[in-house]
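Computed from heavy atoms alone, side chains included, the values below leave out hydrogens, waters and symmetry copies. A, B, ... follow the sequence lines: proteins, then strands. Residue 1 opens every chain. Bear in mind that the values here come from a model prediction, so they are computed numbers and not experimental data.
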Amino acid sequence: MADFKRLPGFRDFPPEDLALRAHVFDAWRRVAIRYGFREYDGPPVEPLDLYVEKSGEEIVGQLYNFEDKGGRTVSLRPEMTPSLARILGDRSRGMAKPIRWFTIPQLFRYERQQRGRLREHYQWNVDIVGEESAAADAEVLAVAIDGLRELGLGVDDFRARVSDRRLLTALLGAVGVQDDRLPAAFAVIDKIERMPEDKARGRLLDEVDLDDAGADRLRALLECSSLTELRNQFGERDAVRDALAPLEEYAAILDAMGMGDFVKLDLKIVRGLAYYTGIVFELFDAQGELRAICGGGRYDRLLELVGGEPLPAVGFGMGDVVLGELLAERDLVPPYRPHVDYFLVVIGQEQRSHALGIATRLRAQGRSVAYPLRDQSVRKQFKAAENEGARTVLVLGPDEAAEGIVVARDMATGQERRIAPDALE
RNA sequence: GUGGGCGUAGCUCAGUCGGUUAGAGCGCCAGGUUGUGGCCCUGGAGGUCGCCGGUUCAAAUCCGGUCGCUCACCCCA
């Protein structure tokens with residue numbers, strides 16, 4: 001037999017692993033629905049151009065793309081937002097705003113795998129489309145935070161780091177970055193935490209055209225985590241003051257929701273994707289050991305770019321891989337326990353049709369029922385019942401048949417009672 | 001794409017200064033009379049030691065390549 005291997009970067013989900021995935025998906029769904037979001041989905045394969053033209057060139061090198069049999073250049077979806085924009089582009093004009101949608105797609109990227117990053121993952125996407133106020137940004141972050149809390153994670157386990165591209169743009173102007181150096185500045189800031197100090201300084205001087213004093217001012221600025229301090233320091237500049245207002249509203253809303261402790265201003269959060277336009281955020285484990293658990297922000301131009309109604313939008317994506325690692329680290333993975341309500345121990349082939357009748361009736365009532373598919377010793381049948389996680393074993397033998405009852409054994413306590421089959425529920 | 005580490009039963013691993021038929025625990029299968037699970041006892045299946053090649057009388061063990069996993073870089077959902 002040929003030796004078929006799983007493709008690199010893909011996962012199998014035997015029942016014990018699927019249980020964790022289902023546990024996470026269930027929590028995500030409950031929270032999204034609790035916040036009034038509706039579930040949607042789209043195709044896992046899209047035209048390549050949807051990503052090439054709309055997400056920025058940076059994403060293209062890692063697409064899982066190919067030519068289909070009709071000669072179309074297509075790609076497995078690497079993220080959901082362009083699909084959302086495309087789907088809404090066709091129909092948003094007729095829809096009441098704001099649109100609150102969520103989905104849990106499987107996404108694909110062709111790149112070398114490492115911890116927390118495979119060639120596929122599932123990602124909870126939650127978006128509000130058609131509302132430009134900071135209230136929508138706050139609502140979306142609240143969903144992300146509650147999604148993690150629903151899984152048992154708390155303020156000691158993760159934090160949201162929040163920034164705003166408009167604010168950062170205004171502040172960069174205030175410390176002396178020229179307009180045409182802004183993209184370079186964003187690129188450096190996005191990576192600045194992962195760079196040694198001298199390399200960061202070198203790039204600020206060379207690529208962002210700052211002088212030493214400017215670089216110092218920028219470094220100090222990036223460490224600031226207080227909106228009040230920013231207002232005190234830069235509030236006389238109109239651009240900064242205008243950009244601070246939505247963030248202040250945002251922070252106030254999250255405080256009112258009791259989530260203020262989870263949220264921290266961090267101007268070093270830029271997010272790679274080119275389509276973000278406003279508030280951006282990432283969720284990290286509190287230890288800072290893992291990759292980001294979640295990232296999102298405002299992308300007010302994307303729908304228009306794919307030819308739809310010009311609508312503001314904000315949303316996030318939360319992947320299952322890093323989250324699974326964090327849950328495992330915090331001992332929050334529920335133990336896998338198979339379970340059936342009833343297991344039938346059948347003594348003697350002549351009892352089999354009787355057993356099938358009982359099983360069928362219980363199943364029709366919604367109970368889960370299993371039994372051995374061939375004649376086996378009672379001892380073996382009880383072992384099988386144990387393995388199946390049976391809550392109750394029903395013993396059906398000649399003695400019981402003669403009396404018109406079954407013996408029902410509670411597997412946890414060992415207690416047995418005699419009961420008429422019709423009385424089972 | 002670049003570099004480092006690792007690759008022995010389904011799982012976790014032992015075994016390498018090269019030397020008879022490669023081991024353990026767990027799991028799996030069968031049995032301990034078809035009337036009772038967990039504990040226990042007995043027996044069994046299961047490995048071309050990732051793959052290919054080289055060195056050698058002899059390779060799981062040394063060497064080269066390759067694939068896979070993993071970590072870092074790159075990049076980021």
For residues 310-329 of chain A, which side-chain N or O atoms pair as donor and acceptor with protein atoms under 3.5 Å away, sequence neighbours left out?
unit_1 : atom_1 : unit_2 : atom_2 : d
A/D320 : OD1    : A/Y122 : N      : 2.9
A/D320 : OD2    : A/R11  : NH1    : 3.0
A/D320 : OD2    : A/R11  : NH2    : 3.1
A/E325 : OE2    : A/G116 : N      : 3.2

Anything under 3.5 Å between a protein N or O and an N or O of nucleotides 39-42 of chain B, put it in a table, one pair a line.
none

Kindly write out the residues that satisfy salt bridge (charged side-chain N to carboxylate O under 4.0 Å, His left out) with A/R30, not counting sequence neighbours, or none if the list is empty. A/E150
Check the phosphate of B/C29 against A/K380, side-chain N and O only, distance under 4.0 Å to OP1 or OP2. Yes or no? no
Please tell me if the side chains of A/E46 and A/N65 come closer than 4.5 Å, counting only heavy atoms from C-beta onward. no
Nearest whole angstrom, please: distance from the C1' of B/U36 to the CG of A/L396. 13 Å
Its dot-bracket string being built from Watson-Crick and G-U pairs below 3.5 Å, with | for another strand and [ ] for crossing, RNA chain B has the pattern (((((((..((((.....[...)))).(((((.......))))).....(((((..]....))))))))))))....
Ranking B/U36, B/C28, B/G35 by distance to the side chain of A/N387, first place goes to B/C28
If only atom types and distance count, is the side chain of A/R159 paired as donor or acceptor with the main-chain N or O of A/V155 below 3.5 Å? yes
Please list, one pair per line, the donor and acceptor atoms closer than 3.5 Å that link side chains of residues 130-145 of chain A to other protein atoms, with sequence neighbours excluded.
unit_1 : atom_1 : unit_2 : atom_2 : d
A/E131 : OE2    : A/S133 : N      : 3.0
A/E131 : OE2    : A/S133 : OG     : 3.0
A/S133 : OG     : A/A135 : N      : 3.4
A/D137 : OD1    : A/R298 : NE     : 3.0
A/D137 : OD1    : A/R298 : NH2    : 2.8
A/D137 : OD2    : A/R298 : NE     : 3.2
A/E139 : OE2    : A/R100 : NH1    : 3.3

With sequence neighbours left out, what residues match A/F343 under ring-ring contact (aromatic ring centres under 6.0 Å, His included)? none
Polar side-chain atom of A/R217 near backbone of A/A174 as donor-acceptor pair, under 3.5 Å: no
Output all residues satisfying salt bridge (charged side-chain N to carboxylate O under 4.0 Å, His left out) with A/R161, sequence neighbours left out; order by chain, then residue number. A/E193, A/D266
Enumerate, atom names and distances included, each donor-acceptor pair closer than 3.5 Å involving a side-chain atom of residues 383-403 of chain A, sequence neighbours excluded.
unit_1 : atom_1 : unit_2 : atom_2 : d
A/E400 : OE1    : A/G397 : N      : 3.0
A/E403 : OE1    : A/R418 : NH2    : 2.6
A/E403 : OE2    : A/R418 : NH2    : 2.5

Within residues 315-328 of chain A, the residues having a heavy atom closer than 4.0 Å to RNA chain B are none
Do the side chain of A/E309 and the main chain of A/R93 share a donor and acceptor less than 3.5 angstrom apart? yes
How do A/S377 and A/Q415 order along RNA chain B: which one's closest nucleotide is nearer the 5' end? A/S377
Which residues pass the salt bridge (charged side-chain N to carboxylate O under 4.0 Å, His left out) test with A/D12, sequence neighbours left out? A/R6
Quick one: list whatever passes salt bridge (charged side-chain N to carboxylate O under 4.0 Å, His left out) with A/D164, sequence neighbours left out. A/R166
Would you confirm whether A/S368, through its side chain, and A/D341, through its main-chain N or O, come within 3.5 Å as a donor-acceptor pair? yes
Pick out the pairs of N or O atoms, protein on one side and nucleotides 66-69 of chain B on the other, that lie under 3.5 Å.
unit_1 : atom_1 : unit_2 : atom_2 : d
B/C69  : OP1    : A/Q113 : NE2    : 2.7

